[in-house]
Amino acid sequence: MSYYFKNYALNSTEAQLQKDLSRIESDILINHSNEIDEQLINIEDNLIIYKNGEFISTDSDIDQLIYETIIESENAESRFIITDARKRKYMVNIHDMSSFFDENTALIKYSDLTPTYQSIRDITMIISLSAFFIFLITTIFGFLLIKRITEPLIQLKNGAFNIAKGNYKPLKVKSFDEIGELTLAFNKMNEDIKSSISDLQHEKNLREHIFSSISDGIVFFNRDLYAIYKNAEGERWMREITQDSTLVKKINDEIIDVLYHKSDSSFKYEVNESYLNLGFKNVAYTDVNYGVTLTIRDITNEQRLEMLRHEFISSVSHELKTPMVMLTGYSEALLDGVVTDEDDVREMISIIKDESDRMNTLVNELIIVSKLESGQSLLNIMENDIVELIKDIAQKFRFEFKKNHINFEYKSELNQCLIPFDYDKLNQVFTNLIDNAIRYTEPNDTISIILTENKRQVFIEVKDTGKGIKASSLGRIFERFYKEDKARTRGKQGTGLGLSIVKSIINGHGGDITVDSIIGQGTTFTIVLNKDGTSHETL
């Protein structure tokens, strides 16, 4: 307890120092000053300012001691405790602010630990005295109690030996205190033996049921490598494992190694497109090896998630590499004066801006995808008119359709369709879909939006007569960073996140989105939204 109080007091002192330093830092940053006002020394108690090799303080003895400690230390910690000539301890906390100034700058604040250690000594003394008196009282009480219960306990001991030998003769009850009650319970033991055996059998069956219901496969091998116990999941996996002779040999070798070295082990293996983690644990009792327990865990989902994570990192790195290289190259060319022609300079600046916009778009889309997939609420769902939204989209792309000589058609028998949705987010969905359609169409092709409904759902089709999408790509187009062949697109290629965002937004509305495409004939994206805003159910 003394150790706990000591740590609590020191941690509280450190927390207060850090709180004071954070407050001082906030005050300095709020003033937007390029230098720290040295008047802080007069305002704040126990404060030292370090600026580019110089210490500013009240020049007290403890200040000098802190200077020397920091200077003599090769790697001064952010928090340390020092002792002055009078054996007084001080806690020192260093707060680095170099990132906010052009020179090395830090705030140093310290606190006298003398009151803290005095309190700790007082608490320690109180605890020690309390423990001593409790020890005396319990010793006296224990001596009296032992004398009172020794004789009855000897009788109970002899009775226990008799029961162990099979002699279930009841004991004579001589008192009605706790010992007497214990004797009564002892006598009742004979009557409970039969029911205890029944309970043990029930518990055994329960354990068997528990093992059978475990999601991991469990197989116990004896020393002869025979599987003498398998739960239901273990039985299923062993049927697949036995079809792979290489894996069977590896398991047998691992069991032998565990049996003789008594060290647990595990390894991963792929079986029929499933990834398994096979763990081996030695079963030993009183230095005798009885066998090895094999635990079979299906880690297919974890493995695929890990692969997706590596793929995501690789994709982000790849997407950022090209614009970064171009930004660096063109910036260096402009700074070094390699290009002086005004038209060339303007062209390079334009390229730098385009690549910067591309990086900004990528980062913004990554933020949107991350928030949508983390479950953060980004949707402001309220009742809106889907017909009005589609008309706004058509007006928005009117110039793009005209510039690229693309025909646009809107087909709907509805003049109004009020359903709950986030107007801005669905605007982004249709913007991404139509922008993709423009990329994969040629002059004189047609892009159509078809709106239909039934009693519970609204169906919106975004259809084009463009180049279409390969069948091998249809299953992956909603993946992050997946892109079709760049040669098949019109103009600049996107970031590969647009359709992933589209799917996340539609899923956030409780809807669904599907895609159908035929090479050379076009592509159709179908969005299904429920009129009551609930999750999508196929009707």
Side-chain angles (χ1 to χ4, degrees), residues 1-27 40-50 55 57-97 106-154 156-157 175-182 185:
M1 290 179 67
S2 299
Y3 180 79
Y4 167 79
F5 283 120
K6 179 179 178 181
N7 283 344
Y8 175 80
L10 293 178
N11 290 337
S12 298
T13 303
E14 180 183 0
Q16 184 60 43
L17 286 175
Q18 187 61 43
K19 181 179 179 180
D20 291 340
L21 288 172
S22 299
R23 173 179 54 77
I24 296 171
E25 179 190 51
S26 299
D27 292 339
L40 286 172
I41 301 301
N42 300 324
I43 299 173
E44 298 289 338
D45 294 331
N46 301 336
L47 179 66
I48 303 173
I49 299 175
Y50 173 82
F55 291 93
S57 71
T58 58
D59 292 327
S60 63
D61 293 339
I62 185 60
D63 292 351
Q64 293 294 334
L65 181 59
I66 292 174
Y67 301 165
E68 295 170 1
T69 302
I70 294 176
I71 292 172
E72 292 174 1
S73 176
E74 295 181 359
N75 295 306
E77 298 181 355
S78 61
R79 194 216 80 173
F80 57 89
I81 296 175
I82 60 173
T83 306
D84 64 5
R86 294 182 297 172
K87 305 300 182 181
R88 296 172 66 92
K89 294 183 180 294
Y90 293 84
M91 178 179 288
V92 183
N93 202 319
I94 303 174
H95 188 70
D96 187 12
M97 292 187 64
L107 298 175
I108 305 170
K109 193 167 178 63
Y110 61 91
S111 176
D112 189 356
L113 296 178
T114 301
T116 302
Y117 279 101
Q118 183 60 44
S119 300
I120 294 172
R121 284 194 293 271
D122 294 340
I123 292 172
T124 303
M125 180 62 68
I126 293 172
I127 294 174
S128 300
L129 290 174
S130 300
F132 176 73
F133 285 111
I134 291 172
F135 172 78
L136 287 178
I137 293 171
T138 54
T139 301
I140 295 171
F141 178 80
F143 176 77
L144 296 175
L145 184 63
I146 289 173
K147 184 177 179 181
R148 179 180 176 82
I149 66 176
T150 298
E151 291 181 0
L153 285 178
I154 292 175
L156 287 172
K157 181 194 72 172
S175 64
F176 295 97
D177 56 7
E178 289 80 3
I179 301 297
E181 292 178 359
L182 180 59

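Values below: every heavy atom of this structure, side chains too, minus hydrogens, waters and symmetry copies.
- In this structure Arg121 satisfies the salt bridge (Lys or Arg N to Asp or Glu O under 4.0 Å) test with no other residue, sequence neighbours excluded.
- For the atom pair Ile120 CD1 and Tyr8 OH, the distance stands at 12.0 Å (nearest 0.5 Å).
- No side-chain heavy atom of Ile81 sits less than 4.5 Å from a side-chain heavy atom of Val92.
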Side chain to side chain contact (heavy atoms under 4.5 Å, CB included) for Gln18 and Lys109? Distances and angles first, verdict last.
CA-CA 9 Å; Gln18 187 61 43; Lys109 193 167 178 63; over 6 Å; no
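- A pairwise comparison of heavy atoms in Ile48 and Tyr110 identifies CD1-CE2, 4.1 Å as the closest pair.
- Between Ile94 and Phe80, some side-chain heavy-atom pair lies under the 4.5 Å cut-off.
- By the 4.5 Å heavy-atom criterion applied to side chains, Gln118 and Thr114 are not counted as neighbours.
- Residues Asp96 and Ala106 share a closest heavy-atom pair of CA-CB, 4.3 Å.
- Interatomic distance, Leu65 CG to Ile82 CD1, rounded to the nearest 0.5 Å: 4.0 Å.
- One finds the CZ atom of Arg23 at 9.0 Å from the OG atom of Ser26 (value rounded to the nearest 0.5 Å).
- Leu17 and Met91 get closest at one heavy-atom pair: CD1-O, 3.6 Å.
- From Ile134, atom CD1 reaches atom CG of Leu129 across 11.0 Å, with rounding to the nearest 0.5 Å.
- Here Tyr4 contributes atom OH and Ile123 contributes atom CD1; the two are 10.5 Å apart, rounded to the nearest 0.5 Å.
- Considering only residues two or more places apart in sequence or on other chains, Thr83 meets the side chain to side chain donor-acceptor pair (under 3.5 Å) condition with Lys89.
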Apply the test side chain to side chain contact (heavy atoms under 4.5 Å, CB included) to residues Leu10 and Tyr117: give CA-CA distance (whole Å), side-chain angles for both, the deciding distance (0.1 Å), then the verdict.
CA-CA 9 Å; Leu10 293 178; Tyr117 279 101; 4.3 Å; yes
Residues Ile108, Leu47; criterion side chain to side chain contact (heavy atoms under 4.5 Å, CB included); working and verdict:
CA-CA 6 Å; Ile108 305 170; Leu47 179 66; 6.0 Å; no
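- Considering only residues two or more places apart in sequence or on other chains, Thr124 meets the side chain to side chain donor-acceptor pair (under 3.5 Å) condition with Ser2.
- Asn93 contributes atom CG, which lies 11.0 Å from atom CD of Gln16 (distance to the nearest 0.5 angstrom).
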